[in-house]
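Written out below as structure tokens is the structure these notes cover.
The structure displayed is predicted, hence computed values, not measured ones. Excluded from the calculations below are hydrogen atoms, water molecules and symmetry mates; all remaining heavy atoms, backbone and side chain alike, are included.
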Protein chains: 4
Amino acid sequence: MGDAVRTRRLPRGVRERQMVDAAVRCFARQGYQAASMDEIAELAGVSKPLVYLYLGSKEELFTACIRREAGALLGAVAAGVEGAADLPPDERLWAGLLAFFTYAAEHPDAWLVLSPRTQGEPFAGELARMRDEVVGFVAGLIGEAAGEGGGVVTGRDVDALAQALAGSAESLATWANETPGVTAKEAAATLMNFAWAGLGNLMKSERWSPR
Amino acid sequence: MGDAVRTRRLPRGVRERQMVDAAVRCFARQGYQAASMDEIAELAGVSKPLVYLYLGSKEELFTACIRREAGALLGAVAAGVEGAADLPPDERLWAGLLAFFTYAAEHPDAWLVLSPRTQGEPFAGELARMRDEVVGFVAGLIGEAAGEGGGVVTGRDVDALAQALAGSAESLATWANETPGVTAKEAAATLMNFAWAGLGNLMKSERWSPR
Amino acid sequence: MGDAVRTRRLPRGVRERQMVDAAVRCFARQGYQAASMDEIAELAGVSKPLVYLYLGSKEELFTACIRREAGALLGAVAAGVEGAADLPPDERLWAGLLAFFTYAAEHPDAWLVLSPRTQGEPFAGELARMRDEVVGFVAGLIGEAAGEGGGVVTGRDVDALAQALAGSAESLATWANETPGVTAKEAAATLMNFAWAGLGNLMKSERWSPR
Amino acid sequence: MGDAVRTRRLPRGVRERQMVDAAVRCFARQGYQAASMDEIAELAGVSKPLVYLYLGSKEELFTACIRREAGALLGAVAAGVEGAADLPPDERLWAGLLAFFTYAAEHPDAWLVLSPRTQGEPFAGELARMRDEVVGFVAGLIGEAAGEGGGVVTGRDVDALAQALAGSAESLATWANETPGVTAKEAAATLMNFAWAGLGNLMKSERWSPR
DNA sequence: TATGAATGAGAGTTCATTCAT
DNA sequence: CATGAATGAACTCTCATTCAT
């Protein structure tokens with residue numbers, strides 16, 4: 001009947017992964033509201049009721065996508081920074097940025113799902129929470145560096161700087177994914193220059209460079 | 001019954017402005033897809049058909065919102081920069097940033113409508129085009145500064161830096177609007193430090209300061 | 001302002017004719033339901049309220065169209081037959097058919113409005129009544145001819161034959177209008193052959209019968 | 001509450017037939033534009049979304065109706081003619097006409113859906129195509145008869161005669177359905193007299209000619 | 001005489017979600 | 001474990017029609 005493939009009974013874990021995979025793709029390409037459960041189910045190769053049985057609702061499904069993808073991204077960045085634990089702050093930042101841009105480049109759909117500032121959606125909360133986690137992580141790095149550098153930076157300054165850094169990283173990652181020929185390393189280097197050395201210095205050709 | 005107000009026949013221009021005002025509010029708070037024409041019409045104090053008669057369709061209405069608000073924002077920034085036309089690049093950038101954050105703070109709904117990276121929406125194009133215009137404007141400033149400074153910056157570098165600057169500005173503006181007690185001037189100053197002086201220098205307490 | 005033309009106050013009769021003209025065109029090309037009062041008003045060069053003021057409602061407007069056009073068509077046919085009043089029945093029929101096809105060819109929009117068997121429309125009645133009038137007229141001709149020919153034809157036979165003749169005339173007229181290169185005279189001649197050569201035999205009581 | 005019947009889950013094929021049945025009734029009685037999907041769904045005893053799920057859209061639903069009914073009508077006529085394959089042309093025509101009028105009498109709604117010359121509707125095409133098929137079929141019969149009879153009839157003459165015959169048949173069928181006491185056989189016999197006695201002479205090249 | 005302003009009512013269509021099997 | 005069948009609710013959009021001037 002040819003249905004054999006679709007009819008096969010798979011263990012729950014596998015099915016769930018298929019579904020979330022499909023969902024990430026749909027959400028990434030059409031946005032939350034425009035993506036339809038029909039489409040996701042079809043792309044996953046299952047019936048709609050099964051999606052509901054396993055993932056609960058559209059909202060929960062989206063949350064699951066965000067959590068899975070944000071976790072992976074955060075993990076990649078954390079691992080990058082971890083690997084440079086003994087190096088000075090700038091090298092640690094570099095390692096983090098490189099990991100981030102690499103991940104975004106290699107998982108464009110995941111990045112699309114995570115990047116938008118979806119406002120009114122029912123889960124503004126979830127997405128914002130994930131982003132805050134990232135920003136907090138970045139703020140930690142900056143705070144550390146500030147401590148080591150002996151500069152005078154207040155707590156709110158650190159938050160604001162983290163927001164700025166995160167925003168520029170997001171913007172650049174999206175731009176890099178959309179612009180052909182831009183590698184993750186280049187994007188990371190540009191940002192490193194921008195963020196670490198500052199535009200004022202760049203103008204004077206005093207560039208910071210990796211390695 | 002208070003209907004007196006609602007029944008009055010106003011000239012087209014006035015009604016249109018009311019409608020776009022209402023639309024900006026709804027789109028800002030709920031996003032394009034989630035906002036409903038019913039709601040917008042009600043908030044504007046008119047019937048739905050009138051909205052269609054004047055603005056055409058949901059998509060056209062959204063486009064009208066974007067265009068109006070983007071135009072105003074761009075105008076404010078351009079005016080700010082214009083006012084510092086004779087000053088050095090850093091002062092011009094500062095003037096632009098200050099105008100930007102001020103506008104975003106004073107028109108939070110307008111900023112919300114403009115900021116999201118709505119992906120799958122039918123007008124990704126329109127929104128992206130407006131953003132590109134802004135980024136292009138910023139790139140122009142950076143390019144100029146680069147020329148004056150004599151530094152070596154390629155064209156794509158300029159684009160990337162503009163993306164980074166725009167992204168950090170967007171991120172900070174949203175954060176500033178959401179965080180109580182943060183003024184536009186503070187946000188602008190933080191970004192100026194971040195962008196112009198660079199994190200590396202900040203750590204050494206070498207801060208750039210306005211005036 | 002250039003509005004001069006449109007603003008000029010015309011006498012009621014003229015305006016009404018403009019409106020019915022426009023209505024006939026719209027109804028002919030799009031059908032009753034699909035035609036919109038907006039469109040008709042615009043085509044007539046007046047505002048919608050004026051159409052309502054003069055013609056009452058969409059239904060009444062359509063009725064006015066039907067009445068005017070059906071009257072004209074009937075008049076043309078009657079005049080044709082009248083002109084052959086002293087000739088034998090076949091010549092009278094020929095004169096009527098020729099007048100009919102000529103009118104249909106020269107007023108295609110009028111013919112389109114009159115021809116369709118619009119069923120569920122609110123004025124099925126009006127249209128059917130006009131058609132019945134025509135069919136009755138035809139039945140009269142056939143009845144006369146039958147009387148003169150001395151054949152045996154019952155009243156219901158006459159009705160049925162009139163229906164058949166009317167149906168074939170309608171069908172041919174529409175076909176002739178849609179088929180390039182077919183003149184009214186040709187169409188009339190074909191129908192005359194089809195109908196009269198047959199009717200001629202009927203008059204002589206030489207009936208074809210089943211089994 | 002009687003919901004038992006309505007709640008039962010029927011296989012798709014059955015439901016689809018119910019829906020098309022209901023649609024034929026509604027379209028027949030009110031015309032395409034005036035019929036509403038709500039009404040059709042209710043008459044079919046299902047919810048509107050199910051109609052859309054199975055039949056796609058109002059237009060597709062109408063097309064489905066036309067196709068089904070036209071197919072059945074054509075089949076009935078073809079079968080009738082087939083059964084008289086070995087008989088002379090007049091008997092073949094008689095068989096076809098009898099089958100046609102019988103079908104129209106037994107399926108009045110189907111006949112109503114097929115008969116109107118709906119003009120501006122989006123599917124003028126579909127309906128016209130079905131009619132052309134019928135007319136072509138008729139033209140074939142006439143052409144054959146003309147060939148056998150040795151008469152002089154051009155190709156366009158055949159087309160025109162087919163149009164005339166089809167038109168008279170349509171007109172008579174509608175009249176017969178509306179007039180109490182008229183049987184299909186009577187209507188067919190009347191048309192046979194009208195058409196064949198005429199055609200019979202045409203076959204002998206005894207043409208009536210104007211002037 | 002003529003119109004710009006405004007609307008009530010209803011159309012087609014879609015979608016997340018749930019039974020019954 | 002898995003699904004075909006089915007729906008309530010909501011949305012965008014259109015249209016005939018009427019005030020107020």
Side-chain angles (χ1 to χ4, degrees), chain A residues 3 6-12 15 33-41 45-54 56-61, chain B residues 6-12 14-16 33-41 45-61, chain C residues 3 6-12 15 33-41 45-54 56-61, chain D residues 6-12 14-16 33-41 45-61:
Chain A
D3 289 16
R6 211 191 137 169
T7 295
R8 211 163 27 198
R9 273 127 201 274
L10 299 178
R12 175 157 184 158
R15 278 276 192 244
Q33 298 266 14
S36 85
M37 295 298 270
D38 274 282
E39 210 181 343
I40 292 171
V46 290
S47 72
K48 234 187 325 177
L50 199 60
V51 179
Y52 279 88
L53 187 62
Y54 282 179
S57 73
K58 193 183 185 185
E59 212 172 311
E60 288 174 76
L61 173 55
Chain B
R6 175 133 194 220
T7 295
R8 217 167 17 204
R9 274 147 138 90
L10 301 178
R12 177 164 182 153
V14 178
R15 278 281 191 241
E16 275 189 354
Q33 299 267 16
S36 87
M37 294 297 269
D38 274 285
E39 211 180 343
I40 293 171
V46 286
S47 70
K48 225 187 333 175
L50 201 60
V51 180
Y52 280 91
L53 188 59
Y54 284 177
L55 275 314
S57 72
K58 193 183 185 183
E59 213 171 312
E60 286 173 78
L61 174 54
Chain C
D3 288 16
R6 201 177 151 181
T7 295
R8 212 167 21 202
R9 273 127 202 273
L10 300 177
R12 175 156 184 158
R15 277 278 192 243
Q33 298 268 12
S36 85
M37 294 299 269
D38 275 283
E39 210 181 343
I40 292 170
V46 289
S47 73
K48 233 186 328 176
L50 199 60
V51 179
Y52 279 88
L53 187 62
Y54 282 179
S57 73
K58 192 183 185 185
E59 211 172 313
E60 288 173 75
L61 174 55
Chain D
R6 171 122 200 228
T7 295
R8 215 166 19 202
R9 273 146 139 90
L10 301 177
R12 176 164 184 155
V14 178
R15 278 281 190 243
E16 276 189 353
Q33 297 266 17
S36 87
M37 294 298 268
D38 274 285
E39 209 180 344
I40 292 170
V46 286
S47 70
K48 225 184 337 172
L50 202 59
V51 180
Y52 279 90
L53 187 60
Y54 284 177
L55 276 315
S57 72
K58 193 183 185 184
E59 213 171 312
E60 287 175 77
L61 174 54

Over all atoms of both residues, closest heavy-atom pair of [X] and [Y]:
| X | Y | answer |
| --- | --- | --- |
| B:Glu16 | B:Tyr54 | OE2-O, 3.7 Å |
| C:Gln33 | D:Ala34 | NE2-CB, 3.4 Å |
| A:Arg12 | A:Leu53 | NH2-O, 4.1 Å |
| B:Glu60 | B:Leu55 | CB-O, 3.3 Å |
| D:Ala41 | D:Ser47 | CB-C, 4.0 Å |

For [X] and [N], give me the distance from atom [atom1] to atom [atom2], rounded to whole Å.
| X | N | atom1 | atom2 | value |
| --- | --- | --- | --- | --- |
| D:Leu53 | F:dA5 | CG | C1' | 8 Å |
| D:Arg9 | F:dT7 | CZ | C1' | 9 Å |
| B:Met37 | E:dA9 | CE | P | 20 Å |
| D:Tyr54 | E:dT14 | OH | C1' | 17 Å |
| B:Asp38 | E:dT7 | CG | P | 13 Å |
| B:Ile40 | F:dC11 | CD1 | P | 11 Å |
| A:Leu50 | E:dA16 | CG | C1' | 16 Å |
| D:Glu59 | E:dT13 | CD | C1' | 14 Å |

Query raised in the report: Is there a donor N/O on one and an acceptor N/O on the other, under 3.5 Å, for the side chain of A:Arg15 and the base of F:dC1?
Result: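 Flag unset: no donor-acceptor pair detected.
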
Requested in this report: Look at the side chain of D:Lys58 against the base of E:dT13 and say whether a donor-acceptor pair falls under 3.5 Å; ignore hydrogens and angles.
Outcome: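 For D:Lys58, whose side chain was compared with the base of E:dT13, there is no donor-acceptor pair (under 3.5 Å).
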
Query raised in the report: Would you write out the dot-bracket form of DNA chain E, 5' to 3', with Watson-Crick and G-U pairs under 3.5 Å, [ ] for crossing pairs, | for pairs to other strands and . for unpaired bases?
Result: .||||||||||||||||||||

Just compare [options] and give me whichever is closest to any side-chain atom of [X].
| X | options | answer |
| --- | --- | --- |
| A:Pro49 | F:dA2, F:dG4, E:dA16 | F:dG4 |
| B:Tyr52 | F:dT12, E:dT3, E:dT18 | F:dT12 |
| B:Ser36 | E:dA6, E:dG12, F:dT12 | F:dT12 |
| A:Lys48 | E:dA6, E:dT17, F:dA6 | E:dT17 |

Query raised in the report: Once you round to the nearest 0.5 Å, how far does OH of D:Tyr52 lie from NZ of D:Lys58?
Result: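 It is 8.0 Å, given to the nearest 0.5 Å.
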
Query - From CG (C:Leu61) to CD (C:Glu59), nearest 0.5 Å - result: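 It comes to 10.5 Å.
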
Query raised in the report: When you match C:Ser57 and B:Ser57 each to their closest nucleotide on DNA chain F, which lands nearer the 5' end?
Result: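 Checking each residue's closest nucleotide, the 5'-ward one belongs to B:Ser57.
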
Query raised in the report: Hey, does A:Arg12 reach any base, or is it just sugar-phosphate, or nothing, if we go heavy atoms under 4.0 Å?
Result: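 Nothing, no heavy atom under 4.0 Å.
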
